[in-house]
2 protein chains.
Amino acid sequence: MYSIQDVSRKTGLTAHTLRYYEKEGLIPSIERSQGGIRQYTDEDLEALGLICCLKNTGMSLQEIARFVQLTQAGEHTLRERVNMLTEHRENVIARMAEMQKYLDKVTWKVNYFSRKLEEYESREAKEAK
Amino acid sequence: MYSIQDVSRKTGLTAHTLRYYEKEGLIPSIERSQGGIRQYTDEDLEALGLICCLKNTGMSLQEIARFVQLTQAGEHTLRERVNMLTEHRENVIARMAEMQKYLDKVTWKVNYFSRKLEEYESREAKEAK
DNA sequence: CCTGTTCTTAAAGTTTACTCTAAGTCAAGA
DNA sequence: TCTTGACTTAGAGTAAACTTTAAGAACAGG
């Protein structure tokens, strides 16, 4: 059992954000103590792990909420969930490929400007003499 | 020479956005015809290519504007520009590594749910008999 | 000449994902 | 008991990057 602060530390999300996510349906409702205080289980942490994973790969909170709601609705939503994740996976792969292409361009530019910089500096050094 | 619509088509940015970028200093001022109409050169397109590249790899418009302004300020800013690009490049690499890690998790989940789905479907098929 | 494109400024609106505030109550651990 | 920490609702605020609107004027190609 973890307090909201524990979970905040573990996930890097603030307590505020954790409550916000719960309100928005991104986290299945968390069990409470007799006094109404949230008690996160290891299972909740697991679920949060997937949520962060989806979020950090660019899935919108809305879609994540949909996914979580499907999960809660039971086995008959398995096909839709598989479809969602598969599509998301393809998006991520596509984005990474694009990213790699852009990275190559940036690398090229770094090298290009580095060469320019060297030329410039040796020119400066000569003039200083 | 290209009109703003030509450039819009080529870059995927709207004419609105192109003017907005210019106003915000993300694009060096574009030459105009006698009548005041923007005439983009191949060189402008080149510059836009780098700008889109930086934007699509997550650099903020503000930072891009700074970079463009350094470029216009001349050779003595070469070191700073190299530093900016190098740092950005490292960020991109780090983000891609993180992405790959998340992708592995998503892939694992896709497989996991696919197995569950198969089980579920064969169970359903049996019950239908 | 007509039509469609482009120009201007200035400001309001949109979306996403938080983030914070207020104000007051309640719970948990030393 | 005292002091953190947690709870609530509801709504305002924030930041980034657009996006749209309005309204009128000027330009360019057939």
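Sequence lines set the chain letters: A, B, ... in the order given, protein chains first and strands last, and positions in each chain run from 1.
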Query raised in the report: Looking only at heavy atoms, which two atoms of A:T107 and B:R89 are closest? And how far apart?
Result: OG1-NE, 2.7 Å
Query - 5' precedence on DNA chain D between B:K55 and B:G36 (nearest-nucleotide basis) - result: B:K55
Query raised in the report: Just to confirm, is there a sub-4.0 Å distance from OP1 or OP2 of D:dC27 to any side-chain nitrogen or oxygen of B:S33?
Result: no
Requested in this report: May I ask whether A:Y120 and B:F67 are part of the same hydrophobic cluster, defined by side-chain heavy atoms of I, L, V, M, F, W, Y residues being less than 4.5 angstrom apart, directly or through others?
Outcome: yes
Query raised in the report: What integer distance in Å separates A:Y20:OH from D:dC7:P?
Result: 18 Å
Report task. Check whether any side-chain heavy atom of A:L48 sits under 4.5 Å from a side-chain heavy atom of A:I27, and report yes or no. Result -> yes
**Report entry** Phosphate OP1/OP2 of D:dG5: any A:R38 side-chain N/O under 4.0 Å
**Finding:** no
Query raised in the report: Does A:Q39 or A:K23 map to a spot on DNA chain D nearer the 5' end, using the closest nucleotide for each?
Result: A:Q39
**Report entry** A:H16 NE2 - C:dC20 P separation (whole Å)
**Finding:** 6 Å
Query - Axis deviation across the helix from C:dC1-D:dG30 to C:dA30-D:dT1, five-pair ends, to the nearest 10° - result: 30°
Query raised in the report: Under 4.5 Å between any side-chain heavy atoms of B:K116 and A:R81, yes or no?
Result: no
Query raised in the report: Under 4.0 Å between a side-chain N or O of A:Y21 and OP1 or OP2 of C:dC18?
Result: yes
Report task. Please round to the nearest 0.5 Å and tell me the distance separating atom OG1 of A:T71 and atom CZ of A:R66. Result -> 10.5 Å
Requested in this report: Check every strand shown and say whether A:T14 touches a base, only sugar-phosphate, or nothing at a heavy-atom separation below 4.0 Å.
Outcome: nothing
Requested in this report: Grab the CG-P distance between B:L18 and D:dT19 for me, whole Å please.
Outcome: 11 Å
Report task. Using atom CD1 of B:I64 as one end and atom P of D:dA16 as the other, report the distance to the nearest whole Å. Result -> 13 Å
Requested in this report: Considering only NZ, NE, NH1 and NH2 on the basic side and carboxylate oxygens on the acidic side, decide whether B:D104 and B:K101 come within less than 4.0 Å.
Outcome: no
Query raised in the report: Under 4.0 Å: is that the gap between some side-chain N or O of A:Q34 and OP1 or OP2 of C:dA27?
Result: no
Query raised in the report: Is B:R32 paired with B:E22 through a side-chain N to carboxylate O contact shorter than 4.0 Å?
Result: yes
Query raised in the report: C:dC7 phosphate, OP1 or OP2: any side-chain N/O from B:R19 under 4.0 angstrom?
Result: yes
**Report entry** Distance in angstrom units between A:E24 CD and C:dC18 P, rounded
**Finding:** 10 Å
Requested in this report: Starting from P on D:dC7, measure out to CD on A:E31 and report it in whole angstrom.
Outcome: 14 Å
